[in-house]
Structure formats: C-alpha cells, structure tokens
Amino acid sequence: WAAQKQGFEKLTIKNGNMKGYFISSDNAEFYNSEIFGYVLRYVQSNPTVCRMREVKGRLILTIKGVSSIDTAKAVLALIN
C-alpha cells in the first residue's frame with residue numbers, strides 16, 4: 001500500500017535491489033503531481049543508490065541496498 005501511494009504499480013526486491021514500476025507514462029496528471037515531486041527529490045538527493053530509467057514507455061526506479069520488506073518500508077517512508 002505504501003508503494004501505491006508513491007505511484008508504483010509494482011514493486012520487486014531481488015539481489016539487494018528494489019525496483020518500483022510507475023504507472024504508465026501516458027498519465028501526465030501523476031507525473032505533474034506533488035507525490036512524484038517527492039520521488040524526484042529523493043532520487044536527486046540519493047544519486048549513489050537511486051537510478052531512474054524508462055523502458056518501453058514505463059518509468060522504473062531502482063534503489064540499491066534494499067534486501068527486505070522492512071528496509072523497503074523504511075525507504076518508502078523517506079520518500080514521502
């Protein structure tokens with residue numbers, strides 16, 4: 001639920017990395033929202049652990065060093 005609040009459709013944790021898959025890129029309203037602004041600020045302030053890229057029209061955020069659900073919850077709380 002915390003991931004959905006941040007605009008993620010899907011969240012995975014694998015090999016110490018958390019990947020968040022945002023809603024489709026044709027939803028311009030979300031990408032202009034305050035919530036997405038929080039995500040961008042988090043990415044900009046943590047460039048060594050965060051990477052954002054677009055694959056097949058879908059934006060994906062990768063965060064290194066996340067190997068458990070508890071760590072993922074903590075990271076998502078920091079984004080807000």
Side-chain angles (χ1 to χ4, degrees):
W1 294 298
Q4 287 178 335
K5 286 183 184 179
Q6 304 300 336
F8 296 110
E9 278 185 333
K10 178 181 171 183
L11 198 68
T12 63
I13 298 171
K14 185 177 179 182
N15 298 327
N17 294 317
M18 177 174 73
K19 286 188 180 184
Y21 298 82
F22 287 99
I23 58 176
S24 64
S25 61
D26 59 349
N27 189 342
E29 184 177 321
F30 167 73
Y31 291 103
N32 291 322
S33 72
E34 187 176 14
I35 294 170
F36 188 65
Y38 293 142
V39 173
L40 288 179
R41 280 191 286 281
Y42 182 80
V43 171
Q44 290 171 344
S45 63
N46 296 284
T48 57
V49 296
C50 295
R51 180 175 153 204
M52 193 176 287
R53 63 190 170 112
E54 186 175 355
V55 177
K56 297 180 183 176
R58 192 171 192 184
L59 196 58
I60 302 170
L61 172 63
T62 303
I63 301 175
K64 296 177 187 175
V66 179
S67 56
S68 70
I69 299 294
D70 290 332
T71 307
K73 286 181 186 179
V75 169
L76 290 172
L78 289 173
I79 291 174
N80 207 355

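Side chains included, hydrogens not; waters and symmetry mates left out as well; all remaining heavy atoms used. Everything quoted here is computed from the prediction, not taken from an experiment.
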Provide the closest heavy-atom pair for [X] versus [Y] in the form atom of the first, atom of the second, distance.
X: I35; Y: K5; result: CG2-O, 3.4 Å
X: R41; Y: E34; result: NH2-O, 4.5 Å
X: S68; Y: I13; result: O-CD1, 3.6 Å
X: C50; Y: I63; result: SG-CG1, 4.0 Å

Taking side chain as C-beta onward, heavy atoms only, is [X] less than 4.5 Å from [Y]?
X: T12; Y: K10; result: yes
X: E9; Y: R58; result: yes
X: E54; Y: I60; result: no

Path from [X] to [Y] over hydrophobic side-chain contacts below 4.5 Å:
X: Y31; Y: V43; answer: yes
X: Y21; Y: V49; answer: no
X: L11; Y: Y42; answer: yes

How long is the gap from [atom1] on [X] to [atom2] on [Y], to the nearest 0.5 Å?
X: M52; Y: L59; atom1: CE; atom2: CG; result: 5.0 Å
X: Y38; Y: L40; atom1: OH; atom2: CG; result: 12.5 Å
X: I23; Y: Q4; atom1: CD1; atom2: CD; result: 11.0 Å
X: L76; Y: Q6; atom1: CG; atom2: CD; result: 6.0 Å

Set of residues satisfying side-chain contact (heavy atoms from CB on, under 4.5 Å) with respect to S67, sequence neighbours excluded = none

ask   = Does atom CG of L78 have more than 12 heavy-atom neighbours from other groups under 6.0 Å away?
value = yes

inquiry  = Can you tell me how the ring of F22 sits relative to the ring of F36, calling it parallel under 30°, perpendicular over 60° and tilted otherwise?
reply    = perpendicular

task = Would you mind telling me which of N46, N17, T48 makes a side chain to side chain contact (heavy atoms under 4.5 Å, CB included) with K64?
result = N17

